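In what follows, a structure is listed as structure tokens, so that the remarks can point back to it.
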Amino acid sequence: MESNKKPLSIQERVNKICNEIYAKGEKPSVRLVLAELPDVNSTSTVHKYFANWRSELEANQQSLYDRLGFSSEFTQSFMKEITRFGAEVEQRYKQLAKDANEQRDLAFADLARTEESLHQKEVIVEQHNKQVKTLQAELQMLKQQKETELDKARESNDAAIQEVRQQLATALEENKALSQHNETLRTAMTKSELKLEGNEELINEIKHQNKDLVDENKKLNQSITELSKNLVGKEAAIEGNEKLIISLQEQQQQIAQQLADEKERRQKLDEDLLALKTSVIDTQKKLEKEEIKVSEAQSKANELKYEIEQKSIERKETIRRLEHSVASYEKLIAHMENQKKTSDA
């Protein structure tokens with residue numbers, strides 16, 4: 001508001017500085033005035049304006065002395081009090097305006113810091129939201145991939161196990177059939193030996209057939225042993241796949257726990273964001289209160305200014321009444337002197 005006023009001239013600034021020094025009960029000087037004017041370096045310039053102020057002060061004191069007939073000491077004291085009162089009121093108005101501006105600036109600074117913190121929290125929340133979405137997508141992809149691999153491994157293991165079991169069942173059936181056939185041959189051979197003890201050629205043939213059957217039975221037993229080993233290997237592979245499934249489930253639980261922790265952090269950030277928004281609202285309310293205080297201070301300053309003007313008018317009216325009284329007294333004195341002269345004549 002003050003920046004919209006027209007800048008003071010050097011004479012007005014010198015008058016203001018001298019009045020403030022004079023109101024403090026101190027004697028103004030060119031050196032003191034020059035110290036308060038950093039943009040003025042010429043002593044002669046300040047001396048010229050200081051001489052104007054002193055001449056104006058002496059003229060006002062002399063005028064008041066001439067009109068009221070007061071002593072010079074009373075006139076100087078009266079002028080000092082008027083100047084001091086005006087300077088104090090002006091200083092009070094400036095201090096009120098300065099305090100209000102400082103409170104307004106502090107409120108604006110608090111609001112700016114709060115808005116900056118709110119913006120940073122919003123950026124962090126947005127980053128965490130992106131991370132949560134990325135983790136969810138990765139978790140879903142990993143889950144689908146592992147489920148696909150698990151299904152394929154299960155299908156492959158089931159097919160291998162089924163094939164081994166079929167081969168084992170076939171081998172067992174063939175072994176059983178061969179055993180039965182061997183037993184039948186042995187029975188037949190015994191009977192043949194009993195019936196044909198003298199037929200050496202038939203006996204050799206039967207023995208040869210029996211030997212072939214025994215060899216074939218050994219081969220089948222070896223095949224059964226290999227199939228059993230394959231079955232054990234498949235069962236070990238199944239056990240390894242089950243461990244892999246358990247490991248994948250544990251990884252899935254870990255990812256789920258990470259996702260839960262991320263959700264908890266996100267919830268905390270949301271709470272911090274809500275608290276920051278509440279703080280921004282409180283700061284805005286404080287700013288509104290400070291603006292109201294500034295307005296009230298401005299109103300008080302205007303009231304003080306009006307009061308000063310009214311007191312100035314009252315002082316002028318008092319001076320006018322005193323002048324009128326002095327004029328009446330002068331007329332009365334002149335009338336009494338005329339009467340005295342008449343009585344003396």
Side-chain angles (χ1 to χ4, degrees), residues 98-166 168 228-297:
K98 182 179 179 181
D99 293 340
N101 289 332
E102 289 178 353
Q103 292 175 356
R104 180 198 62 194
D105 294 338
L106 290 174
F108 278 128
D110 291 339
L111 180 60
R113 286 193 297 269
T114 305
E115 289 179 348
E116 180 65 22
S117 179
L118 176 61
H119 177 67
Q120 293 177 356
K121 292 293 184 181
E122 288 177 348
V123 171
I124 294 174
V125 169
E126 185 178 357
Q127 291 177 352
H128 279 278
N129 289 336
K130 290 180 179 179
Q131 292 178 358
V132 169
K133 290 180 180 179
T134 304
L135 287 174
Q136 288 176 344
E138 291 178 355
L139 176 61
Q140 188 66 24
M141 291 177 61
L142 182 60
K143 185 177 180 181
Q144 292 177 356
Q145 182 181 358
K146 296 303 180 181
E147 287 179 352
T148 303
E149 293 177 357
L150 183 59
D151 292 338
K152 289 181 179 180
R154 285 176 178 174
E155 291 177 358
S156 178
N157 290 331
D158 292 339
I161 291 170
Q162 187 66 25
E163 183 180 357
V164 171
R165 285 177 179 176
Q166 289 178 357
L168 182 60
S228 298
K229 290 181 180 179
N230 290 332
L231 182 60
V232 172
K234 295 296 182 181
E235 289 177 351
I238 291 172
E239 184 178 358
N241 289 331
E242 289 178 352
K243 291 182 179 179
L244 178 61
I245 291 170
I246 294 172
S247 177
L248 291 174
Q249 289 176 349
E250 291 177 354
Q251 290 180 3
Q252 185 176 359
Q253 291 178 357
Q254 291 177 358
I255 294 174
Q257 183 64 35
Q258 291 177 359
L259 186 60
D261 295 339
E262 192 66 29
K263 287 182 179 179
E264 184 178 355
R265 286 196 295 270
R266 179 182 176 183
Q267 183 178 1
K268 186 176 180 181
L269 286 173
D270 290 337
E271 292 175 356
D272 293 341
L273 183 61
L274 179 61
L276 281 174
K277 289 182 179 178
T278 304
S279 177
V280 169
I281 293 173
D282 294 339
T283 304
Q284 290 177 346
K285 290 181 179 179
K286 290 180 181 179
L287 181 60
E288 292 176 357
K289 291 181 181 179
E290 294 300 330
E291 289 178 350
I292 293 173
K293 289 181 180 180
V294 171
S295 178
E296 291 177 353

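Keep in mind that the numbers below use all heavy atoms, side chains included, and drop hydrogens, waters and symmetry copies. The residues of the chain are indexed from 1 along the displayed sequence. Please read all numbers here as calculations on a predicted model, not as lab measurements.
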Residues which pass side-chain hydrogen bond (donor to acceptor under 3.5 Å, both in side chains) with [X], listed by chain and number, not counting sequence neighbours:
X: Gln162; value: none
X: Asn129; value: Arg266
X: Glu262; value: His128, Arg265

### Message
Keeping Thr134 on the side-chain end and Lys130 on the backbone end, is there a donor-acceptor pair under 3.5 Å?
### Response
yes

To the nearest 0.5 Å, tell me how far [X] [atom1] sits from [Y] [atom2].
X: Lys121; Y: Thr114; atom1: NZ; atom2: OG1; result: 12.5 Å
X: Ile124; Y: His119; atom1: CD1; atom2: NE2; result: 10.5 Å
X: Glu250; Y: Gln257; atom1: CD; atom2: CD; result: 13.5 Å
X: Lys285; Y: Glu288; atom1: NZ; atom2: CD; result: 8.5 Å

### Query
Does Lys268 have any side-chain contact (heavy atoms from CB on, under 4.5 Å) partners at least two apart in sequence or in another chain, and if so, which?
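For Lys268, the residues satisfying side-chain contact (heavy atoms from CB on, under 4.5 Å) (neighbours in sequence not counted) are Asp272.
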
### Query
Got a sec, which residues hit side-chain contact (heavy atoms from CB on, under 4.5 Å) with Glu115, two or more places apart in sequence or on another chain?
Leu111

Show the atom names and distances, to 0.1 Å, of all donor-acceptor pairs under 3.5 Å that link a side chain in residues 136-155 to residues at least two apart or in another chain.
residue	atom	partner	partner atom	Å
Thr148	OG1	Gln144	O	2.8

